[in-house]
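Below: one structure, written as structure tokens.
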Amino acid sequence: GLLRSDSIPEVGEDAAATVSMAETLSEEERDELRKELAKVEEEIQTLSQVLAAKEKHLAEIKRKLGINSLQELKQNITKSWQDVTSTTAYKRTSETLSQAGQKASAAFSSVGSVITKKFEDVRNSPTFKSFEEKVENFKSKVGGSKPTGGDFGEVLNSAANASATETIAEQTEEETH
């Protein structure tokens, strides 16, 4: 039957080997093989019909349950993702990326500290102090006799407010003339 261990030529094997094998068979063996061939072909046909019926039944069950192709695809993707995330390779890669992220975060933090330090150095430099004094002088000239002091941000805001007030006063004066 189907479990016999006779050598069967594979696709692409030498045709001469197949012909010589056929020549060594007796007529009785050939008849038996033809009957077995017909039987196997019939079984394949039957199995194909059973498979088609099962697939139709499966489709009907899914339709009744409201399962559509998109839902199946989502389920398959979810299952595949779970399979991937449970592999050792994924876990190792995830751990490595996590460590790399932590190192990058620490590096960015230290870069931020360096930048902050540099800004402090610039603010304490003689050039910046000179600029700050010039802005304060400008502020006192534009804004009147207000006491000097405060931080650089306050000085800039005050200068901007004084300039805006001066512009509004000029517009009002033009409108009255």
Should the pair D31-K35 be classified as a salt bridge under the 4.0 Å nitrogen-to-oxygen rule?
no

Got more than 12 heavy atoms from elsewhere within 6.0 Å of CD, E27?
yes

Results of salt bridge (Lys or Arg N to Asp or Glu O under 4.0 Å) for E72 - residues two or more places apart only:
K62

Is a salt bridge present between E120 and K117, judged by a nitrogen-to-oxygen distance below 4.0 Å?
no

In the hydrophobic cluster built from side-chain contacts under 4.5 Å, what are the other members alongside L70?
none

Which pair of non-hydrogen atoms, one from L25 and one from E29, has the smallest distance, and what is that distance?
CA-OE1, 3.4 Å

Measuring from atom CD of Q71 to atom CG of L73, what distance do you get when rounded to the nearest 0.5 angstrom?
11.0 Å

Any donor-acceptor pair under 3.5 Å linking the side chain of S48 with the backbone of I44?
yes

Nearest 0.5 Å, please: how far is CZ in R63 from CD1 in I61?
11.0 Å

Side-chain heavy atoms of N124 within contact of K129, under 4.5 Å:
yes

Which pairs pass ring-ring contact (aromatic ring centres under 6.0 Å, His included) with one or both residues in residues 27-82, sequence neighbours excluded?
W81-Y90

Would you find a donor on one side and an acceptor on the other, under 3.5 Å apart, between the side chain of S109 and the backbone of S105?
no

Mind checking whether K134 and S130 have side chains closer than 4.5 Å, heavy atoms only?
yes

How about CD on E28, more than 12 heavy atoms from neighbouring residues, nucleotides or ligands closer than 6.0 Å, or not?
no

Rounded to the nearest 0.5 Å, how far apart are OG1 of T87 and CD of Q82?
13.0 Å

Rounded to the nearest 0.5 Å, how far apart are CG of N68 and NZ of K74?
8.5 Å

Taken to the nearest 0.5 Å, the spacing of N76 CG from D83 CG works out to 10.5 Å

Between the side chain of S94 and the main-chain N/O of K91, is any donor-acceptor distance below 3.5 Å?
no

Please check if L97 and V84 belong to a single hydrophobic cluster, counting links between Ile, Leu, Val, Met, Phe, Trp and Tyr side chain heavy atoms closer than 4.5 Å.
no

Quick one: does Q45's side chain get under 4.5 Å of E41's, heavy atoms only?
no

How long is the straight-line distance from NZ of K118 back to CD1 of I115, given to the nearest 0.5 Å?
11.0 Å

